[in-house]
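Input: a single structure, listed below in structure tokens.
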Amino acid sequence: MPELPEVETIRIGLERLIVGKRVVSAEHDYLKSFPNSEDDVKRFLLGQTITDVTRRGKALIISLKSGYSLLVHLKMTGQLVYDGGRVHFGAGHPTSSLVGELPDKSTRVILGFEDGSKLYFNDQRKFGWMRLWPTKLIDELEFFKRLGPDPLSDGFSWQDLARRMQRRSGSAVKPVLMDQSVISGVGNIYADESLWGAKIHPATLIAKLKDQDYRRLHASIREILSLSLSHGGSTDRNYVDAEGKRGNYLKFARVFRRDNEACPRCRTEIKKVKLAGRGTHFCPNCQKAK
DNA sequence: CACTTGACCTGTCCGC
DNA sequence: TGCGGACAGGTCAAGT
């Protein structure tokens, strides 16, 4: 579910809400969601204070004084929701929440803090995970080793984008954009949105892209991720931020989930097709196949 | 080797 | 209302 803007929105919320808090309890019911042993939990999590919350690609790193970190990947339907006891969660409330009373049947892990507040890790489809891992050894995990650069980072140029994408010359551009080892953080929503912004058909082969295409794509990716971040990300179905609130980007989306609507640039009807197994939205006039 | 497909899960929506 | 099938924002292993 969450891509870079959603994970970053959660990170910003957690940084404000849980840094400095001491963990006093941890409950988990589903092994895949939290594979550490009870012994690990006792030694590296319980009694520990949270020192910071960072992000790499779509993963979150919640660091603890013990020298261990809680690594979290939300995959498709994961949520990290903080309950300080003052927020009233009401499922279906239009402005606030998709989250009802917590815990609910999708709750996999509950962390309790010294002040009585709690952090819930919910994950309907059970694809996501949370695990304790030594902070110093994060770079040695395959998952983090493979991650490409963050497209919003300062030093990330259009030449970097071009060079990295060109390693996959035989592929269509959209799956390459979503390949986390090429750049990290773009998923299905922002791949479609970025390609519309750059006027590139999602099935265009990498080998056919020119410098000008990479310049537009680079600008488009950064513009769209920043715009979404400023609206708290996209809520399609499950996504909520650390306080249970929806994101608003989809109100501004140009093609994603807008099939059969008019392209905002040329009024041509937006199409939806399946590409590399994923729902793909584009304007057949602005984004011509090459 | 590079690239594509299926599996992992549950819930929802759509057509019959 | 019930049932089968397709689909959902991610990643990895297995297959071609």
Side-chain angles (χ1 to χ4, degrees), chain A residues 1-10 29-35 55-60 71-80 91-92 98-100 104-108 121-131 141-148 164-195 202-207 221 224-225 228-229 231-241 246-253 255-260 272-281:
Chain A
M1 133 201 229
E3 307 178 34
L4 188 153
E6 292 75 34
V7 180
E8 181 62 14
T9 300
I10 294 170
D29 70 333
Y30 185 70
L31 192 63
K32 233 185 82 188
S33 299
F34 192 166
R55 177 185 61 78
R56 287 204 217 172
K58 301 174 192 171
L60 283 166
L71 312 180
V72 188
H73 201 301
L74 300 169
K75 294 283 181 86
M76 300 279 241
T77 56
Q79 305 174 326
L80 274 179
L98 286 170
V99 181
D104 63 25
K105 64 195 241 194
S106 75
T107 300
R108 311 290 166 212
F121 172 33
N122 296 334
D123 186 18
Q124 192 174 88
R125 285 170 77 178
K126 302 180 176 177
F127 290 173
W129 45 260
M130 175 182 259
R131 71 186 286 195
L141 284 174
E142 258 327 293
F143 178 85
F144 289 103
K145 263 194 216 166
R146 288 169 35 85
L147 280 186
R164 301 186 70 90
M165 291 184 74
Q166 280 160 351
R167 298 187 310 204
R168 303 268 316 265
S169 62
S171 274
V173 61
K174 176 171 173 179
V176 176
L177 263 187
M178 293 172 64
D179 179 341
Q180 302 300 294
S181 71
V182 174
I183 56 171
S184 58
V186 173
N188 205 40
I189 298 176
Y190 302 109
D192 284 1
E193 292 289 293
S194 300
L195 289 166
T204 310
L205 292 178
I206 293 294
I221 292 167
I224 285 176
L225 293 177
S228 178
L229 189 51
H231 290 288
S234 301
T235 295
D236 186 23
R237 321 168 68 82
N238 285 267
Y239 167 74
V240 291
D241 70 11
R246 298 162 185 264
N248 289 313
Y249 174 78
L250 289 188
K251 289 181 194 149
F252 304 87
V255 288
F256 187 80
R257 286 273 172 131
R258 296 202 181 276
D259 32 316
N260 304 322
K272 180 175 183 184
V273 296
K274 194 159 218 174
L275 178 64
R278 313 306 301 271
T280 297
H281 314 73

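Annotation: C:dT11 and B:dC1 have their P atoms spaced 24 Å apart (nearest Å). When the P atom is used for both C:dG9 and B:dC13, the distance is 15 Å, rounded to whole Å. Rounded to whole Å, the separation between the P atoms of C:dC3 and B:dC9 comes to 24 Å.
Side chain of A:Gln180 to main chain of A:Arg146: no donor-acceptor pair is present (N/O by atom type, distance under 3.5 Å, no hydrogens or angles). Side chain of A:Arg108 to backbone of A:Tyr30: no donor-acceptor contact under 3.5 angstrom is found.
Between A:Leu71 atom CG and C:dT11 atom P the separation is 14 Å, expressed in whole Å. Between the P atom of B:dC9 and the CZ atom of A:Phe121 lies a distance of 14 Å, rounded to the nearest Å. For the pair A:Tyr249 OH and C:dG9 P, the interatomic distance rounds to 15 Å; values are reported in whole Å. Nucleotide B:dG11 holds its P atom 13 Å from the CD atom of A:Gln79, rounded to whole Å. Between the P atom of B:dC8 and the CD atom of A:Gln124 lies a distance of 18 Å, rounded to the nearest Å. Between the P atom of B:dG11 and the CG atom of A:Asn122 lies a distance of 12 Å, rounded to the nearest Å.
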Intermediate values then yes/no, side-chain contact (heavy atoms from CB on, under 4.5 Å), A:Lys58 and A:His73 = CA-CA 7 Å; A:Lys58 301 174 192 171; A:His73 201 301; 3.9 Å; yes
Kindly indicate, with the supporting measurements, whether the criterion side-chain contact (heavy atoms from CB on, under 4.5 Å) is fulfilled by A:Val186 and A:Leu4.
-> CA-CA 6 Å; A:Val186 173; A:Leu4 188 153; over 6 Å; no
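Between A:Gln180 and C:dT11 there is a side-chain polar atom (N or O) within less than 4.0 angstrom of OP1 or OP2. Within the 4.0 Å cut-off from OP1 or OP2 of B:dT12, not a single side-chain nitrogen or oxygen of A:Arg237 is found. Distances shown here put every side-chain N or O of A:Lys272 at or beyond 4.0 Å from the OP1 or OP2 atom of C:dA6. For B:dA2, the OP1/OP2 oxygens have no side-chain nitrogen or oxygen of A:Ser171 closer than 4.0 Å. Between A:His73 and C:dG10 there is no side-chain N or O to OP1 or OP2 distance below 4.0 Å. One finds a side-chain N or O of A:Lys274 lying less than 4.0 angstrom from the OP1 or OP2 phosphate oxygen of C:dC7. Not one side-chain nitrogen or oxygen of A:Lys75 sits closer than 4.0 Å to the OP1 or OP2 atom of C:dG9. Look at A:Lys105 and you'll find a side-chain N or O under 4.0 angstrom from OP1 or OP2 of B:dG11.
With distances taken from any side-chain atom of A:Lys126 to the nucleotides C:dG9, C:dC12, B:dT10, the minimum falls on B:dT10. Closest to the A:Asn188 side chain, of the nucleotides C:dA8, C:dT11, C:dG9, is C:dG9. Relative to the side chain of A:Arg168, the nucleotides C:dT11, B:dC9, B:dC3 differ in distance, and B:dC3 lies closest.
Nucleotide B:dC9 has no partner under the Watson-Crick or G-U criteria, as no pair reaches both atom distances under 3.5 Å. Shown here, C:dG9 forms no base pair; nothing in the strands shown gives a Watson-Crick or G-U wobble contact with both key distances under 3.5 Å.
A:Tyr239 and A:Glu3 share no side-chain donor-acceptor pair at under 3.5 Å.
Checking A:Arg125 against A:Phe143, the closest nucleotide of DNA chain C that is more toward the 5' end is the one next to A:Arg125.
Stacking between A:Phe127 and the base of C:dT11 is absent under the criterion of ring centres within 5.5 Å and planes under 30 degrees.
Taking the six-membered ring for Trp and the full ring otherwise, the centers of A:Tyr249 and A:His231 sit at least 6.0 Å from each other.
Counting non-hydrogen atoms under 4.0 angstrom, A:Gly128 reaches nothing in the nucleic acid.
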